[in-house]
Protein chains: 2
Amino acid sequence: MSSIKYIAERTGVSITTVSKALNNYPDVSEETKRKIREVAEECGYTPNMAARNLALGKSNIIGLVLSEIRETDSNGNIIFRILIGAKNYCAEKDFELLIISTDIKKQRSKTLVQLCKERQISGVIMYGLKPGDPYFEEITKAELPCIAVDIKLKGRHLATVTTDNVAAVKEVIRQLHDKGHRNIALINGLKEVDVSQYRELGYRTAMQELGIEVKDAYIKYADYYEELACEKTKELLNANPEITAIFCASDLMALGAMRAVQGMGKRVPEEVALVGFDGIQLSDYSNPRLTTVVQDFKGMGRAAAEKLIKMLSGENVNEVDYVPYHFRIRESI
Amino acid sequence: MSSIKYIAERTGVSITTVSKALNNYPDVSEETKRKIREVAEECGYTPNMAARNLALGKSNIIGLVLSEIRETDSNGNIIFRILIGAKNYCAEKDFELLIISTDIKKQRSKTLVQLCKERQISGVIMYGLKPGDPYFEEITKAELPCIAVDIKLKGRHLATVTTDNVAAVKEVIRQLHDKGHRNIALINGLKEVDVSQYRELGYRTAMQELGIEVKDAYIKYADYYEELACEKTKELLNANPEITAIFCASDLMALGAMRAVQGMGKRVPEEVALVGFDGIQLSDYSNPRLTTVVQDFKGMGRAAAEKLIKMLSGENVNEVDYVPYHFRIRESI
DNA sequence: CTGTTAGCGCGTTCAC
DNA sequence: GTGAACGCGCTAACAG
């Protein structure tokens, strides 16, 4: 009801002038600007985004594309932090953040690009999608600006925000080496996931640099499942009792490993040292508390939003940006 | 670019007819409908929501109003589940869910109603706001349709979705009584919060019904903080060593209490039994695992969205709806 | 059954 | 400095 038209009438000027004044154009006298703003204030005027977006042909909306969310998962915690980071930055820049979850129903009927066009979404942040997911494949071919979190993408309209996984894992392995460990195993996540590959690379590189032979028998994949990590750890320790330290590519897997180790009657860290990755809340509550690489998920969300908004405004952005991590050493090593 | 206008030209009919066909109006011949849909498909046509909303003067957008979010908090987990529940329902009904967080900066400059008008938001779900928060006060006076989660509000455009806290706590106390406990203490959350009051009411009612005198010394407030709960528990047990069971109004406080009990060299549950509330992930990982009232946060989010959308479409809705909880009994009692 | 006209609220030429 | 006129994409009332 309280549109610029209404304000125009009430002020006795034209709609155009009101629009210009409210957008602080230089070609309106200070006097009329003052008057118009005053009246706008009085009326509790609020611009209508839909109309503005329509007129401008664009909008300040970006999307956060998530794969199907298992809300019970501790994964949710990570997603939430990314969400909050991105959301906060958007709020500062007067952007809107819309969650786009690959709902099964919608996936069949609408492509990501369609979804975005409908809602005037000019770019997206992507997290948790894997090669093979329809939206993932689409984004590499489409022209939709996209910042991926933890996935390396190449293309003019694509960029990445991530943790320097290789450096982080190298630091972990070096630390374990410093503590005297030589037989260090790796429980990795899903092989196909980008970050898993980088974490394994960090493991292999560090071992080589330290002059330790990498044994394939020391590497297991538990696909980021706690239960699976528990089983794999038992296999690992039964087959290779000389192992004194295990690096797990996620905290949840490390907790599974801890359960296995303790279940076998061995002590952490005296007999087997454990290190996780992520820095989720649970890592604070295990006994002993978990040594882990703390990722700054909120920072990654923020960085992703920042990067996307820059990209949308035509600025050049780096192909990859690393968000600082923090190696938190505690009682599990 | 591919608007209904374009489709109209390419099909040789008028814009109106295209609009009607695409919206499946009855007064367009099947033949032309078919033709138009075909062309629309070809062009990869996608309706422009902004334009539609503008023309319709309304929109299918609802907001999720949250108080300032401490992303480190396990509170985040709860919020996230509510969010997912609401989001999923919205997706089914072709509604959009927008997060509105009471950012400090925005709070001074814009009222909630303004924020909503700007974005064409027709109603909101509210969680985590307390009496005294500006947005909270505003909602009770404004006319914005609002479903509050865990807060009882009265008004034509207001309704509530919550857990039946009184019933749940009564069940807890009765269970403890069945196990032989008579000296049962309560560590409650922030006194001002609605749910705290209901949980205390449940406690008091159950005790009375069981013929046990309620001692004020047995009731402490730890404001939902883990650390504070730890301290209060120590005070409680030192002053009243006869206490054999403590019900905490949140899992996080129960974990604090557990730390206190175990830190005092007492065993859970043999010497002190503990029960929490919420059913957060951490409750699965404590040792012993926590007995708790599992709230269905996702269900509450979903119920809130459903209720709001019904309200918006003019249906009558109950003043309060209870979402079923589940009393999960484990080793801590 | 189909098309014409008008309008949603706002931004932007281009005259005055 | 100011305003009239037009268009963004779509829907609704009315006329044919």
Side-chain angles (χ1 to χ4, degrees), chain A residues 1-37 39-40 43-61 94 96 113-122, chain B residues 1-37 39-40 43-61 94 96 113-122:
Chain A
M1 39 172 173
S2 106
S3 56
I4 56 170
K5 182 178 170 188
Y6 178 67
I7 295 181
E9 287 168 5
R10 236 163 151 285
T11 324
V13 296
S14 78
I15 295 177
T16 312
T17 306
V18 175
S19 172
K20 284 178 176 171
L22 260 22
N23 288 318
N24 205 24
Y25 271 54
D27 60 348
V28 178
S29 78
E30 280 307 321
E31 177 54 23
T32 40
K33 273 188 189 173
R34 207 189 43 66
K35 181 80 191 294
I36 288 170
R37 281 177 188 146
V39 175
C43 307
Y45 168 74
T46 293
N48 181 320
M49 289 304 189
R52 157 177 283 165
N53 291 342
L54 186 58
L56 254 38
K58 60 159 202 164
S59 80
N60 287 349
I61 307 177
D94 272 311
E96 207 57 58
V113 172
Q114 280 182 316
L115 268 181
C116 290
K117 266 176 62 183
E118 260 185 20
R119 278 140 230 228
Q120 312 273 91
I121 293 174
S122 32
Chain B
M1 39 171 172
S2 106
S3 56
I4 55 170
K5 183 177 171 189
Y6 178 69
I7 295 181
E9 286 168 5
R10 235 163 151 285
T11 324
V13 297
S14 78
I15 295 178
T16 311
T17 307
V18 174
S19 172
K20 283 177 176 170
L22 259 22
N23 288 319
N24 203 25
Y25 271 55
D27 59 350
V28 178
S29 76
E30 278 308 321
E31 177 54 23
T32 39
K33 271 187 188 174
R34 206 189 44 66
K35 182 79 191 295
I36 288 171
R37 280 179 188 146
V39 175
C43 307
Y45 168 74
T46 294
N48 182 320
M49 291 301 189
R52 156 176 283 167
N53 291 342
L54 186 59
L56 253 38
K58 61 156 200 167
S59 79
N60 286 349
I61 306 177
D94 272 312
E96 207 57 58
V113 173
Q114 280 183 316
L115 266 180
C116 290
K117 265 176 62 184
E118 258 184 20
R119 277 138 230 225
Q120 312 271 95
I121 293 173
S122 33

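The figures here come from the full heavy-atom set of this structure, side chains too, leaving out hydrogens, waters and symmetry mates. On a predicted model such as this, the values are computed, not experimentally measured, just so you know. Below, chains carry the letters A, B, ... as their sequence lines are ordered, and counting in each starts from 1.
Spacing between atom CZ of B:R119 and atom C1' of C:dG9 amounts to 17 Å, rounded to whole angstrom units. Straight-line distance from the CG atom of B:D27 to the P atom of D:dA15: 16 Å, rounded to whole Å. A:K58 has its NZ atom 14 Å from the C1' atom of C:dC10, to the nearest Å. Between the P atom of D:dG1 and the CD1 atom of A:I15 lies a distance of 22 Å, rounded to the nearest Å. Rounded to an integer number of Å, the gap from CD of B:E9 to C1' of C:dG3 is 15 Å.
A:L54 approaches B:A51 most closely through the heavy-atom pair CD1-CB, 3.7 Å.
Using five terminal pairs a side, the axes of the helix from C:dC1-D:dG16 to C:dC16-D:dG1 at its two ends make an angle of 40°, given in steps of 10 degrees.
Side chains of B:T17 and B:S14: a donor-acceptor N/O pair is present below 3.5 angstrom, by distance only. In the model, B:Q120 has a side-chain atom that pairs as donor or acceptor with a side-chain atom of A:N48 under 3.5 Å.
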Does the pair A:E30 and A:R34 meet the rule for a side-chain contact (heavy atoms from CB on, under 4.5 Å), with working shown?
CA-CA 6 Å; A:E30 280 307 321; A:R34 207 189 43 66; over 6 Å; no
Go through the steps for B:I36 and B:L22 under the test side-chain contact (heavy atoms from CB on, under 4.5 Å), then give the verdict.
CA-CA 8 Å; B:I36 288 171; B:L22 259 22; 3.8 Å; yes
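Looking only at side-chain heavy atoms (C-beta outward), B:V39 and B:Y45 stay at 4.5 Å or farther from each other. The closest side-chain heavy-atom distance from B:I61 to B:R119 is not below 4.5 Å.
The backbone N or O of A:I15 lies less than 3.5 Å from no partner atom in the side chain of A:S19, so there is not a single donor-acceptor pair.
An OP1 or OP2 oxygen of C:dC8 is reached within less than 4.0 angstrom by no side-chain nitrogen or oxygen of A:Y6.
Atom OG1 of B:T46 is separated from atom CD of A:E118 by 6.0 Å, given to the nearest 0.5 angstrom. Note that OG of A:S29 is 11.0 Å distant from NZ of A:K35, once rounded to the nearest 0.5 Å.
Annotation: proximity of residues 29-36 of chain B to DNA chain C (heavy atom, distance under 4.0 Å) is found for B:S29, B:T32, numbered in ascending order. Of the residues in residues 16-25 of chain A, A:T16, A:T17, A:K20 come within less than 4.0 Å of DNA chain D through at least one heavy atom, sorted by number. The stretch residues 48-57 of chain A touches DNA chain C through A:N48, A:A51, A:R52, A:A55, A:L56, each having a heavy atom under 4.0 angstrom from the strand.
Applying the side chain to side chain donor-acceptor pair (under 3.5 Å) test to A:N24 and every residue at least two apart in sequence or in another chain returns A:K33, A:R37.
Every pair passing side chain to side chain donor-acceptor pair (under 3.5 Å) that includes a residue from residues 49-61 of chain A is listed here, sequence neighbours excluded: A:N23-A:R52.
For the side chain to side chain contact (heavy atoms under 4.5 Å, CB included) with A:K20, the lone residue among A:V13, A:V28, A:I4 that qualifies is A:V28.
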